[in-house]
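The next block holds one structure in the form of structure tokens; read it before the comments.
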Amino acid sequence: MIVRTVAELRAQVAAWKADGAVVGLVPTMGALHDGHLSLVERARAECGRVIVSIFVNPKQFNNPEDLAKYPRDEARDLALLEGVDAVFLPSVEEMYPAGFASTVHVERLGDRLEGTHRPGHFDGMATVVTKLFTMSQADVAFFGEKDWQQLQIVRRFVTDLNLPIRIEGCPTLREADGLAMSSRNRRLGAQARAAAVAMHDALQGAARAVRRGEGADMALRVGVEALHVAGFATVDYLELCDAETLEPVGTLSRPARLLVAASIDGVRLIDNIAV
Ligand code: PAF
């Protein structure tokens, strides 16, 4: 079932809940790949009814060119979602009616890493995800760990705003060579695609060095150098952070996460792993 308005979505979810179903939500921006489909599978395994939303959210693109280039293929996405209970496809006007003026901002967590390099991105993301939660009234929502900072921000505002929804993080799906699956990968030329594996290799190399007890500073410098050598023109960050607060850490005393963002062939990629 394709649903394009909030009123239709609410009516459908109310009927499902009246039947006692647990409702799961998988928020996406379309251009679906196996990573998204693994979230859908998980949602179907855990919930009686599953909604997948597809909305390319203009408010989370700090760069208009990036928004214009974002891959869109509604027919292909719908074919991949066959069997899902509802696909929510709101228009920009349905999501942001005239006069819309509110923003969800998560302090500190949202101001670092991606927040520094993509100003406004997390405000746009947090605002639309809050709206998707309140529009759908889903019981559980599924997010990929590939966007680790996004996942921590969502957990933060769900707690802070007492939103009645459970958040499930799902492991990153990778290509055979280790590159994290992303809708952006399809914009890489063949040579850049082959070289992009250096991102996962750099994360793993730095993680091994930190686990061996080598200083994080040196391990991160070596990782950045390896990315440049592989052909990444810019490295926005490669940082070792507390897994939850994302504050930088120098040694391993609590669960930590290595996070990276870098550009190759004009395409900005991000990835992260647990340490
Ligand atoms: O991760 C994404 O694709 C987007 O940030 C999300 C969660 C669908 C919100 O637009």
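Predicted model only: the values in this text are computed from it and were never measured. Every number for a ligand or one of its atoms is a count from 1 in the order of the listing. Throughout, residue positions are numbered sequentially from 1 according to the sequence presented.
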Parallel, tilted or perpendicular: which fits the ring planes of F100 and Y96, with parallel below 30° and perpendicular above 60°? perpendicular

Using 30° and 60° as the class limits, which term best fits the ring planes of F133 and F157: parallel, tilted or perpendicular? tilted

Report yes if some N/O of Q150 lies less than 3.5 Å from some N/O of ligand 1; otherwise report no. yes

Those atoms of ligand 1 less than 4.0 Å from some heavy atom in [X]:
X: V128; value: 9 (C), 10 (O)
X: V129; value: 7 (C), 9 (C)
X: P27; value: 8 (C)
X: T28; value: 8 (C)
X: M125; value: 5 (O)

Any residue meeting salt bridge (charged side-chain N to carboxylate O under 4.0 Å, His left out) with R268, in chain and number order, not counting sequence neighbours: E114, D236

Mind checking whether V87 and L132 sit in one hydrophobic cluster, side chains of I, L, V, M, F, W, Y counted as touching below 4.5 Å? no

Pairs satisfying salt bridge (charged side-chain N to carboxylate O under 4.0 Å, His left out), at least one member in residues 75-86, at least two apart: R49-D85

Give a yes or no on whether a salt bridge exists between E74 and R4, defined as a side-chain N under 4.0 angstrom from a carboxylate O. yes

Among M95, M29, Q60, which one has a heavy atom closest to atom 9 (C) of ligand 1? Q60

